Number of protein chains: 2
Amino acid sequence: MTTIRDVAKKAGVSVATVSRYLNDSGYVSGEAARAVADAVKELKYELNPVARSLNTKKTNIIGLIVPDITNPFFPELARAVEDVALTYGYTVILCNSDENPEKEKNYIETLRKKYIDGFIVTSNQLDAPHYANIPLPIVALDRAINANIPTVASNNREGAGIGTRALLERGCKKILFLRGPEELNPANDRYEGFMDVIRHSGIEHHVAICPFHFTESEKIVESILQEQKDIDGIFASSDVSAAGALKAANTLGISVPDELQIVGFDGIAMGEMLSPGLTTVAQDIYKMGAIATRVLIKRIENQTEEQHFYEVPVELKIRGTTRSVEE
Amino acid sequence: MTTIRDVAKKAGVSVATVSRYLNDSGYVSGEAARAVADAVKELKYELNPVARSLNTKKTNIIGLIVPDITNPFFPELARAVEDVALTYGYTVILCNSDENPEKEKNYIETLRKKYIDGFIVTSNQLDAPHYANIPLPIVALDRAINANIPTVASNNREGAGIGTRALLERGCKKILFLRGPEELNPANDRYEGFMDVIRHSGIEHHVAICPFHFTESEKIVESILQEQKDIDGIFASSDVSAAGALKAANTLGISVPDELQIVGFDGIAMGEMLSPGLTTVAQDIYKMGAIATRVLIKRIENQTEEQHFYEVPVELKIRGTTRSVEE
DNA sequence: CTGAAAGCGCTTACAG
DNA sequence: CTGAAAGCGCTTACAG
């Protein structure tokens with residue numbers, strides 16, 4: 001392995017000069033620069049980043065903490081993070097937290113020791129003590145806001161309003177809202193958004209708590225639909241639960257969208273694979289990941305950071321689980 | 001930050017002794033051990049892994065290279081890798097290659113410099129020069145085998161035979177086989193498996209090349225079904241293309257499974273969300289990832305490695321896109 | 001069983 | 001503009 005020392009010798013300068021040249025820090029005369037450049041080329045020298053890290057306490061590695069990469073929302077996010085990170089010369093470590101504070105804490109601790117540069121976190125635990133005064137740049141994604149942590153999220157409340165209105169405009173008279181877990185901020189915001197619109201609509205509505213989980217949602221919706229046969233609209237606060245609802249309807253022989261219209265929330269790719277395709281309030285998941293990564297890297301590199309909260313717009317995607325708007 | 005030096009001083013021994021104690025390498029007297037242990041506890045000392053890495057050239061980090069984490073096959077794999085890695089005290093860097101040899105090569109190069117300990121790779125590029133004599137432990141997943149690289153894969157050929165037979169047993173008279181890309185080893189093996197069974201069955205069959213991509217598959221199948229209305233069975237060599245086929249059938253008003261039966265391949269979670277649920281030849285994706293990770297870590301830790309090729313069994317999952325077996 | 005010392009390969013004040 | 005030297009925090013022969 002060729003080291004900075006070899007380069008210095010070959011170029012006839014000191015290692016300090018080589019280091020300055022390599023890092024473009026401090027002064028290096030044109031002459032010295034040329035000699036070093038030549039030596040680097042000839043020796044095919046490549047800087048050892050581990051040795052550098054020991055000094056700088058930086059690694060160009062960031063951590064991405066998600067509850068479970070297997071949940072179809074997160075791969076799209078992870079892809080965006082990875083893409084943008086690569087652009088800036090960073091590499092990303094994937095951590096599945098299972099929403100378990102202990103696991104999260106362990107990851108953060110062990111990676112901090114490895115001089116990881118920062119974290120992008122999707123978690124409800126952002127107020128947990130281990131986030132309180134972490135000596136590392138963090139950006140929160142999708143969920144909870146801690147006063148000190150920049151956050152990027154969709155406008156969940158407005159999005160839910162849009163989704164609700166879509167159902168109303170299409171003539172629904174009795175709407176079932178599939179509310180997500182109460183511990184989840186986005187789920188709560190979506191609930192608020194639903195209520196904002198439904199409250200004054202005079203339309204009958206029911207709210208059921210339903211985890212963002214296919215099979216559970218399928219069961220819950222199946223039993224509700226059996227009892228309340230006049231439900232003609234379902235707004236699910238996640239696409240996965242919407243998929244469960246659709247499946248339940250199919251099983252019961254309820255025709256979608258003729259007898260029952262369904263709107264989901266998230267915009268994951270799976271939505272269009274269903275039959276009929278799922279109408280949904282789509283988040284720009286990729287964009288969320290991309291922004292979060294850029295914000296994090298700016299923080300890491302101490303660039304002045306403008307905002308503290310980034311809201312990504314949401315878009316209604318009309319597919320087959322809703323009818324056309326009534327005139 | 002407290003260093004090994006502080007511990008040594010406090011314990012009244014040399015740093016060498018502390019290091020030996022910490023690494024459980026070489027002799028340390030009971031007395032010295034106790035003193036060190038106490039000092040470690042009192043000072044809350046934590047070893048600096050970066051400094052260690054500079055010496056050992058190991059980091060307890062592995063790389064996972066997948067074509068695209070957004071493809072629903074890979075999150076399950078990634079989850080398994082991450083879970084098992086964590087168990088052994090390793091952490092994983094996620095790399096999306098887009099099947100691009102240059103990207104792959106870059107990842108390998110930059111991570112090698114960072115003293116990453118090894119790679120798990122899903123790629124068709126395993127015979128590319130940059131894999132030829134990589135000085136790092138590698139395990140190949142799902143795809144191509146290079147003579148020097150241990151591989152874990154499903155029995156694709158047998159699996160395809162099982163899937164084909166499932167269609168035959170259920171009375172299909174004209175079968176469309178959705179063959180994957182010709183550069184993909186697993187796709188080829190599945191094709192062989194299909195042919196093994198269909199060849200001597202006397203059943204009419206067609207083969208269409210079809211990427212593992214939903215929308216493309218949907219289009220391809222839609223146009224084929226319009227022309228050949230007597231096709232009553234489709235075997236897709238991936239679940240995503242099976243989903244496309246199902247959607248096409250739904251669009252055309254062809255009833256599944258009554259007029260057309262469909263079998264997929266992969267066993268990704270999405271299969272059960274479709275209506276009807278997708279019958280598929282399921283790989284044990286999690287197990288594949290888990291085995292690959294264990295094999296890699298054994299290689300990294302120089303433990304003797306028994307096998308060179310690991311085959312994971314495949315299982316037919318009957319769901320709604322097929323009828324019951326004819327008597 | 002233990003410690004002094006060299007070494008891993010870089011960065012960074014500091015003096016010139 | 002440059003170099004000698006200390007330092008980042010560990011590991012590992014080697015001599016005792």
Side-chain angles (χ1 to χ4, degrees), chain A residues 1-37 39-40 43-61 89 110-117 135 301-302, chain B residues 1-37 39-40 43-61 89 110-117 135 301-302:
Chain A
M1 171 176 255
T2 119
T3 75
I4 196 174
R5 192 159 234 111
D6 304 321
V7 174
K9 195 172 297 170
K10 181 123 204 160
V13 299
S14 73
V15 296
T17 299
V18 176
S19 179
R20 274 187 225 107
Y21 170 81
L22 259 20
N23 294 295
D24 198 19
S25 70
Y27 298 95
V28 177
S29 67
E31 193 182 2
R34 236 164 290 124
V36 173
V40 165
L43 300 174
K44 293 185 183 165
Y45 169 72
E46 297 178 315
L47 194 149
N48 181 322
V50 177
R52 167 184 277 171
S53 291
L54 187 55
N55 284 282
T56 61
K57 304 195 190 313
K58 298 239 187 309
T59 50
N60 278 31
I61 300 178
T110 76
L111 293 179
R112 192 188 51 72
K113 285 184 214 154
K114 292 192 179 186
Y115 291 161
I116 212 166
D117 294 340
E301 299 182 349
N302 290 319
Chain B
M1 171 177 255
T2 119
T3 76
I4 196 175
R5 192 158 235 113
D6 304 322
V7 175
K9 196 172 295 170
K10 180 124 204 161
V13 299
S14 73
V15 297
T17 298
V18 177
S19 179
R20 273 186 225 108
Y21 170 82
L22 259 22
N23 293 294
D24 199 17
S25 70
Y27 298 96
V28 177
S29 68
E31 193 183 3
R34 237 164 290 123
V36 173
V40 164
L43 300 174
K44 294 187 183 162
Y45 168 72
E46 297 178 316
L47 194 148
N48 180 323
V50 176
R52 168 184 277 172
S53 291
L54 188 55
N55 284 281
T56 61
K57 304 194 189 314
K58 298 237 187 310
T59 49
N60 279 31
I61 300 178
T110 76
L111 293 178
R112 191 188 52 72
K113 284 184 213 155
K114 291 192 179 186
Y115 292 162
I116 212 165
D117 294 341
E301 299 182 349
N302 290 318

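Just so it is clear, the values below take in all heavy atoms, side chains as well, and ignore hydrogens, waters and symmetry mates. All chains are named by letter (A, B, ...) in the order of the sequence lines, taking the proteins before the strands, and each is independently numbered beginning at 1. Since the structure is predicted, the reported quantities are computational estimates derived from the model, not experimental observations.
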Write out a two-atom table: protein N or O, nucleotide N or O from nucleotides 14-16 of chain D, distance below 3.5 Å.
none

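Contact annotation: B:N55 side-chain N/O to C:dG7 OP1/OP2 distance is not under 4.0 Å. The side chain of B:Y45 contributes an N or O atom lying less than 4.0 Å from OP1 or OP2 of D:dC10. For the pair A:K58 and C:dT11, the criterion of a side-chain N or O lying under 4.0 Å from OP1 or OP2 is not met. Not one side-chain nitrogen or oxygen of A:T56 sits closer than 4.0 Å to the OP1 or OP2 atom of D:dC8. At the phosphate of D:dT11, neither OP1 nor OP2 sits under 4.0 Å from any side-chain N or O atom of B:K57. Within the 4.0 Å cut-off from OP1 or OP2 of C:dG3, at least one side-chain nitrogen or oxygen of B:T17 is found.
Residue B:A8 comes nearest to B:S14 through the heavy atom pair CB-C, 3.7 Å, listed as atom of the first residue, atom of the second, then distance. Summarising the geometry of A:G89 relative to A:N60, their closest heavy-atom pair is O-ND2, 3.1 Å, with the distance given to 0.1 Å. For B:V36 against B:Y21, the heavy-atom pair with the smallest separation is CG1-CD2, 3.4 Å.
Heavy atoms of B:S19 sit under 4.0 angstrom from at least one base atom. Within 4.0 Å (heavy atoms only), A:L47 reaches sugar-phosphate atoms of the nucleic acid but no base atom.
One interatomic measurement links the two molecules: CD1 of B:I4 to C1' of C:dC8, which rounds to 14 Å at whole-angstrom precision. One interatomic measurement links the two molecules: CG of A:D24 to P of C:dT12, which rounds to 13 Å at whole-angstrom precision. Taking atom CG of residue B:N23 and atom P of nucleotide D:dC10, one finds them 11 Å apart after rounding to whole Å.
For B:S53 (side chain) and B:P49 (main-chain N/O), a donor-acceptor pair under 3.5 Å exists by modelled atom type. Between the B:T59 side chain and the B:Y115 main chain, a donor and an acceptor come within less than 3.5 Å of each other.
For A:K113, the salt bridge (Lys or Arg N to Asp or Glu O under 4.0 Å) partners at least two apart in sequence or on another chain are B:E46. Under the rule for a side chain to side chain contact (heavy atoms under 4.5 Å, CB included), the partners of A:R20 that lie at least two apart in sequence or sit in another chain are A:A16, A:T17, A:S25, A:V28. Evaluation of the salt bridge (Lys or Arg N to Asp or Glu O under 4.0 Å) rule for A:K114 yields no partner, not counting sequence neighbours.
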Quiz item: How is the base pairing of DNA chain C summarised as a dot-bracket string, given the Watson-Crick and G-U wobble criteria with both distances under 3.5 Å, [ ] for crossing and | for another strand?
Solution: |||.||||||||.|||
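Set against D:dC8, C:dC8, C:dT12, the side chain of A:L54 has D:dC8 as its closest nucleotide. Of the candidates D:dC10, C:dC10, D:dA4, C:dC10 carries the atom nearest the A:T3 side chain, counting heavy atoms from C-beta on.
Summary of the strand contacts: A:G30 and B:V50 both lie near DNA chain D, and taking for each the nucleotide with the nearest heavy atom, the more 5' one is attributed to A:G30.
Taking OG1 from A:T56 and CG from A:N23, the interatomic distance works out to 9.0 Å, rounded to the nearest 0.5 Å.
Scanning residues 5-15 of chain A for heavy-atom distances under 4.0 Å to DNA chain C yields an empty list.
Contact check for A:I4 versus A:L47: no side-chain heavy atoms found under the 4.5 Å cut-off.
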